[in-house]
Visitor: 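Handing you this structure, nothing more for now.
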Amino acid sequence: MDRYDKVSSAWYEYINHGKFSNNLSQVVAKSWERHGKQHDPLAKAEIDKLESHQLRRQMEKNSLLLEVAVPTMNEIYQHIKGSGSLVILTDASGYILKTIGDDRFYDKAVRVNLSEGVNWGEHIKGTNAIGTSLVEKAPVTIFAHEHFYKENHFLTCAAAPIFDFSGKLIGILDISGDYQGAHPHSLGLVVAGSRAIQSRLVVKQLQQRTYNKNKRVGYEAGYTFERIISSSLVMKKVIKQAQKIARSNSPALLLGESGTGKELVAQGVHNASPRADGPFIAVNCGAVPRNLIEAELFGYEEGAFTGARKGGSQGKFELAQEGTLFLDEIGDMPFEVQTVLLRVLQEKRYARVGGHQMRNLDVRIVAATNKDLLQLVNEGRFRLDLYYRLNVLSVTLPPLRDRRDDIEALVNHFMAQFTEGQKVLSDAVMKVLREYSWPGNVRELINVIERAITMMDDVIVGLEHLPDEIRKEVMAKRQNHYQGSASDTMGSLQQAEKQSIKNTLIECEGNVSQTARKLGIGRTTLYRKIKKYGINA
């Protein structure tokens with residue numbers, strides 16, 4: 001039994017007995033099951049066809065796809081010319097945007113509405129290569145009776161999805177023709193064609209993003225999630241949450257201590273969002289003078305106040321149109337401005353200070369704070385309704401002391417950044433940095449590394465290059481730890497001796513010669529005792 005007889009037999013078994021033959025592929029069986037519960041395969045398929053003006057609008061919307069796809073479609077047609085087939089391009093909904101093919105097949109195609117402006121989504125046309133490829137998001141061949149509707153059984157079709165650079169499905173490339181004369185390599189051709197289209201599309205989209213960024217120098221976000229150092233499980237979890245937040249257009253709130261990297265995460269959210277091509281504008285609400293913050297946010301008209309610039313000025317909301325506005329230190333925003341901000345977020349309209357013209361707002365808000373906003377609410381310093389408006393989506397960044405697994409990677413990153421890999425840290429310094437509590441978080445770590453490199457003369461950063469407060473805190477912790485360990489063995493002379501050697505080594509910062517002199521013993525004796533007691537010098 002050849003392929004045609006197998007699929008023909010499978011189709012009749014399905015319509016007569018509702019059974020799925022073993023000769024049927026799983027993809028086709030699933031498709032029949034999806035569509036067959038509510039539709040009659042012997043009836044004519046529905047028609048969803050765009051009016052001419054609607055088709056023009058759809059083609060304009062997909063102009064970039066058409067620009068890069070049509071040359072590939074022409075190349076493919078040269079391979080199948082004379083086989084009685086069409087090369088077809090659809091949008092992400094299944095509407096046919098463009099067909100290129102043999103005139104002798106056009107009449108047959110038009111009879112089943114395989115023409116421009118018609119929707120060939122599976123929900124309309126049942127099992128077919130275009131619609132089923134849209135559902136499966138994978139290359140598909142549908143041969144003869146594998147088509148759900150009887151009227152399409154003369155067809156054989158091969159289709160492959162087209163994705164943009166962000167992985168979003170934006171269209172389908174298809175070859176359809178009479179099953180009796182179909183080109184044997186149709187599936188291979190559409191798969192290769194879709195990849196070629198995707199490659200050209202990525203180049204065009206990146207060129208467009210570069211052009212857009214060049215138009216707004218200074219307003220782009222430089223950080224992506226991939227650039228954020230996150231070896232620790234707790235930070236990986238934060239990045240995963242932030243990636244989900246990026247998909248939404250709702251306001252987001254980033255919480256965490258000062259120096260934990262809230263702005264970097266905000267930039268990552270922007271660059272992973274549909275607004276990535278738009279501007280990223282950051283405002284520190286705590287750094288703008290109280291009497292100027294409203295003008296800073298919303299702009300002002302000429303003559304709005306004494307000293308106002310001639311012609312007025314754009315505000316951050318205006319500059320951030322179609323992009324992201326990052327409101328850092330939102331907890332420091334004056335109470336009266338909070339009221340204005342809430343109204344703007346609710347109405348999605350605003351006016352410049354001193355002006356009356358209302359402007360539509362198309363901005364995604366990401367706010368951040370190191371303060372407890374609910375406590376500020378209880379103290380009457382932050383509006384509860386604004387808190388709920390901003391806290392639609394939120395993520396809390398961990399302090400550096402809770403992500404110690406990231407410290408070594410962060411240190412190496414900043415060392416390479418400041419020294420181009422020419423200087424290194426001693427093991428003793430790295431150990432101290434891991435044990436320190438880092439109240440200033442990553443920002444403090446950057447300052448410590450920069451200071452150490454500035455103060456050093458050698459290629460190795462030593463303990464002497466660290467700030468006194470870091471060394472003192474870590475040494476105090478170690479002494480407390482050792483003293484606590486020794487309290488259980490005070491009756492043992494050996495333990496007392498061991499503890500004495502440890503404490504003296506700490507005081508001498510690991511210098512064996514100096515430790516031996518303080519203890520009044522020779523270096524050889526000290527080395528023997530260190531080995532005996534298993535002390536890490």
Side-chain angles (χ1 to χ4, degrees), residues 238 241-242 245 248-266 269-270 280-301 304-308 313 315-320 324-356 358-359 361 363-402 439-441 443-444:
V238 165
Q241 287 178 298
I245 286 173
S248 170
N249 198 41
S250 300
L253 184 61
L254 306 181
L255 305 169
E257 295 177 10
S258 180
T260 50
K262 295 186 287 294
E263 181 165 354
L264 301 189
V265 173
V269 167
H270 171 77
F280 176 87
I281 306 293
V283 182
N284 188 323
C285 300
V288 182
R290 189 182 188 89
N291 60 333
L292 292 179
I293 189 166
E294 195 169 347
E296 179 79 5
L297 290 175
F298 306 113
Y300 58 84
E301 297 292 358
F305 49 84
T306 303
S313 177
K316 301 303 187 188
F317 272 96
E318 203 166 332
L319 292 170
T324 302
L325 180 61
F326 177 55
L327 298 176
D328 200 7
E329 306 298 348
I330 190 71
D332 294 326
M333 177 175 281
F335 196 84
E336 60 273 18
V337 181
Q338 294 175 28
T339 304
V340 180
L341 176 61
L342 177 64
R343 186 177 68 249
V344 169
L345 294 181
Q346 288 175 334
E347 297 178 0
K348 299 192 181 300
R349 301 175 73 213
Y350 69 99
R352 288 182 176 181
V353 174
H356 303 288
M358 297 303 294
R359 302 167 186 265
L361 180 69
V363 171
R364 203 278 174 84
I365 300 293
V366 178
T369 182
N370 60 2
K371 296 184 176 179
D372 186 338
L373 291 185
L374 285 177
Q375 183 179 333
L376 295 182
V377 169
N378 293 333
E379 294 171 358
R381 295 163 54 197
F382 201 85
R383 292 186 61 111
L384 182 62
D385 43 9
L386 179 58
Y387 169 77
Y388 286 124
R389 190 73 191 88
L390 292 172
N391 195 26
V392 177
L393 301 166
S394 68
V395 62
T396 301
L397 276 69
L400 188 55
R401 61 185 172 274
D402 289 343
N441 295 295
R443 189 179 292 127
E444 182 184 7

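As a basis for the values below, the full set of heavy atoms in this structure was taken, side chains included, without hydrogen atoms, waters or symmetry mates.
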Visitor: Would you indicate whether the side-chain heavy atoms of Glu301 and His356 approach each other to under 4.5 Å?
Guide: no
Visitor: How are the rings of Tyr350 and Phe298 set relative to one another: parallel (under 30°), tilted (30 to 60°) or perpendicular (over 60°)?
Guide: tilted
Visitor: For residues 336-348, which residue pairs pass the salt bridge (charged side-chain N to carboxylate O under 4.0 Å, His left out) check, not counting sequence neighbours?
Guide: Arg290-Glu336
Visitor: How close do Ala320 and Val363 get, heavy atom to heavy atom, and via which atoms?
Guide: O-CG2, 3.5 Å
Visitor: Apply side-chain contact (heavy atoms from CB on, under 4.5 Å) to Asp372 and list each qualifying residue two or more places apart in sequence or on a separate chain.
Guide: Leu374, Gln375
Visitor: Please set out all donor-acceptor pairs under 3.5 angstrom arising from side-chain atoms of residues 325-332, sequence neighbours excluded.
Guide:
unit_1	atom_1	unit_2	atom_2	d
Asp332	OD1	Lys371	NZ	2.4

Visitor: Looking at every non-hydrogen atom in both residues, tell me the closest pair between Gln338 and Met333 and how far apart they are.
Guide: NE2-O, 2.9 Å
Visitor: CZ of Phe335: more than 12 outside heavy atoms within 6.0 angstrom?
Guide: yes
Visitor: Does the side chain of Leu297 reach to within under 4.5 Å of the side chain of Val337, using non-hydrogen atoms?
Guide: yes
Visitor: Sequence neighbours left out, what passes side-chain contact (heavy atoms from CB on, under 4.5 Å) with Leu342? Give chain and number order.
Guide: Gln346, Arg383, Asp385, Leu386, Arg389
Visitor: Please list every donor-acceptor pair under 3.5 Å in which a side-chain atom of residues 255-264 meets a protein atom from a residue at least two apart or in another chain.
Guide:
unit_1	atom_1	unit_2	atom_2	d
Glu257	OE1	Arg401	NH1	3.4
Glu257	OE1	Asn441	ND2	3.1
Glu257	OE2	Arg401	NH2	2.5
Ser258	OG	Arg443	NH1	2.9
Thr260	OG1	Glu257	O	2.8
Lys262	NZ	Gly256	O	3.1
Lys262	NZ	Glu257	O	3.0

Visitor: A side-chain contact here means heavy atoms from C-beta on lying under 4.5 Å apart; do Leu253 and Leu373 qualify?
Guide: yes
Visitor: Excluding sequence neighbours, so at least two apart, what forms side-chain contact (heavy atoms from CB on, under 4.5 Å) with Ser248?
Guide: Ser250, Arg364, Leu393
Visitor: Quick check: closest heavy atoms across Leu361 and Arg349, and the distance to 0.1 Å?
Guide: CB-N, 4.1 Å
Visitor: Looking only at heavy atoms, what is the nearest atom pair of Asn284 and Gly286, with distance?
Guide: OD1-N, 2.9 Å
Visitor: What is the minimum heavy-atom distance between Ala351 and Met358, and which atoms define it?
Guide: CB-SD, 3.8 Å
